[in-house]
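Each remark here refers to the structure printed beneath this line.
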Amino acid sequence: MKINELLKIEFPIFQGGMANIATGEFAAAVSNAGALGIIGAGGMNAQTLRAQIRICKSLTEKPFGVNIMLMNPDAEKMAEIVIEEQVSVVTTGAGNPGKYVEAWKAAGIHVFPVVSSVALAKRLAALGVDGIIAEGCESGGHIGELTTMALVPQVCDAVDVPVIAAGGIASGRQMAAAFVLGACGVQIGTCLLASLECPIHQNYKEAIVKAGDNATIVTGRSAGAPVRSLKNPMTREYLKREQQGADKMELEKFTLGSLRKAVVGGDVKYGSLMAGQVSGMVREIRPLRQILTEMVNEYENIR
Ligand code: TUI
């Protein structure tokens, strides 16, 4: 069965669970535009997540999901909330969601963990997840080591569940490539940042539109939490401190709240403008529906 038929969505496209960005209102807008909208619970607490789920329900009749960022201190409570609120799809990031899978499946939730390695994909497939989102390091935000080109076919060969490709996808050509690698759907984030509906500051959107192919950089490798974002004075300073051997605590303090600075305050110098390598392909700010239909039309014309 096709992934869009299984999940009752128009296009086989998931929206990435962008922390501090993907609100209930944005996820509803993405679902209404034909993809799977996903609330990014990363920067929320449990109570905010519940409120955002209710907002999303009030704004769309279509299915939507919740992304639980597993490093969030409230992840455990959030794992219960998605059951109580009867959310149809859960994606996870930045960790192993193994201990929650049984309860989510018993509640009828479609579970799609994001992985950056074959080993975790295999472990989770054995636990009965519905599919795996294989995310390459072209992505914005917290990333693994492998590229989408190398990771997706290796995950497809290793598991018997549907695989969604993520990282480096912003066009129909890239979507078609992902399907050739064995994926049955794609997850996109960066190209949705430059949508009219996206609730980030206008400066953040314009920074993505202005970005070229080499505009992103990875910080935090030394702290064991690599994050891709647009180069700016903040990433330069971070990398300088990293090279000088700053410890994890100091670096964390430095990044703390910097995503919010960019999203809410529009601080493109000292905020963290998380974005993927496809930023260079994003040329204008457009309505969500137009971004999605153009991608799908390009994909259909290649097949
Ligand atoms: O999670 C993401 N992307 C994110 S989360 C985020 S919020 C944040 N902000 C600052 C620092 C750190 C996080 C921003 N972007 N993508 C999914 C993803 N998951 N990428 C890589 C992984 C991953 C890594 C290790 C998944 C599992 C994993 O497992 C380790 C283990 O326990 O086996």
Side-chain angles (χ1 to χ4, degrees), residues 14-22 38-45 49 65-75 78 90-101 111-127 129 131-148 150-152 155 163-169 186-190 192-193 200 204 216-230 234-235 238 242 248-249 251-263 271-277 279:
F14 288 26
Q15 166 235 310
M18 302 171 287
N20 281 326
I21 296 174
I38 295 182
I39 298 170
M44 299 178 187
N45 61 36
L49 174 61
V66 168
N67 173 267
I68 301 181
M69 208 278 280
L70 295 164
M71 294 192 308
N72 186 310
D74 268 4
M78 289 174 167
V90 167
T91 68
T92 61
N96 180 351
K99 63 177 171 179
Y100 305 120
V101 172
V111 182
F112 288 81
V114 177
V115 308
S116 51
S117 72
V118 168
L120 187 57
K122 274 176 146 171
R123 255 183 276 149
L124 292 167
L127 293 179
V129 301
I132 294 284
I133 303 172
E135 186 186 274
C137 60
E138 296 93 323
S139 285
H142 180 61
I143 53 171
E145 196 61 46
L146 298 178
T147 61
T148 301
L151 177 66
V152 171
V155 171
V163 174
I164 309 292
I169 301 168
V186 294
Q187 175 166 284
I188 59 176
T190 301
L192 302 179
L193 292 175
I200 60 175
Y204 193 160
T216 72
I217 193 155
V218 178
T219 56
R221 283 202 198 278
S222 73
V227 169
R228 182 181 301 285
S229 47
L230 295 183
M234 188 281 290
T235 61
Y238 188 107
E242 232 181 329
K248 228 172 136 164
M249 285 291 277
L251 291 170
E252 263 171 25
K253 225 182 194 169
F254 188 66
T255 339
L256 213 66
S258 63
L259 178 58
R260 287 197 88 82
K261 248 191 229 174
V263 170
S272 170
L273 302 165
M274 292 189 189
Q277 291 184 332
S279 293

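Indexing begins at 1, ligand by ligand and atom by atom, following the structure's order. Remember, predicted model here, so these are calculated numbers, not experimental data. Computation of the quantities below employed the complete heavy-atom set of this structure, encompassing side-chain atoms and omitting hydrogens, waters and symmetry-equivalent molecules.
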Next item on the list: Mark the output for Gly95 as yes if a heavy-atom distance to ligand 1 is under 4.0 Å, and as no if none is.
Entry: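 Per 4.0 Å heavy-atom rule, Gly95 contacts ligand 1.
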Margin query: Contact between ligand 1 and Ala225 is defined here as a heavy atom of the residue under 4.0 Å from a ligand atom; is it met?
Written below: no
Purely on distance, is any nitrogen or oxygen of [X] under 3.5 Å from one on ligand 1?
X      : value
Val115 : no
Ser116 : no
His142 : yes

Please state which protein non-hydrogen atom is closest to [atom] and give its distance, to 0.1 Å?
atom                    : value
atom 17 (C) of ligand 1 : Val114 CG1, 3.2 Å
atom 1 (O) of ligand 1  : Ala94 N, 3.6 Å
atom 29 (O) of ligand 1 : Leu120 CD2, 3.5 Å
atom 11 (C) of ligand 1 : Val227 CG2, 3.9 Å
atom 32 (O) of ligand 1 : Asn96 CB, 3.8 Å
atom 7 (S) of ligand 1  : Met69 CE, 3.8 Å

Check whether any side-chain heavy atom of [X] lies under 4.5 Å from a side-chain heavy atom of [Y], and answer yes or no.
X      : Y      : value
Arg260 : Val263 : no
Met234 : Lys261 : no
Met274 : Asn20  : no
Ile68  : Tyr100 : no
Ile200 : Met18  : no
Glu145 : Arg221 : yes
Ile39  : Met44  : yes

Checklist line | Those atoms of ligand 1 less than 4.0 Å from some heavy atom in Gly141 | finding: 14 (C), 15 (N)
Next item on the list: Any atoms of ligand 1 less than 4.0 Å from a non-hydrogen atom of Gly93? List them with their elements.
Entry: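 Every atom of ligand 1 under 4.0 Å from some heavy atom of Gly93: 1 (O), 17 (C), 19 (N).
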Margin query: Whether the side chain of Ser222 engages the backbone of Glu242 through a donor-acceptor N/O pair (distance < 3.5 Å, no angle test) should be reported.
Written below: no
Next item on the list: Could you tell me whether a side-chain N or O of Asn45 sits under 3.5 Å from a main-chain N or O of Asp74, the two making a donor and an acceptor?
Entry: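 Such a contact is absent between Asn45 side chain and Asp74 backbone.
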Item checked: Option set Met274, Glu135, Arg123, Met71, criterion heavy-atom distance to atom 18 (C) of ligand 1, minimum -> Glu135
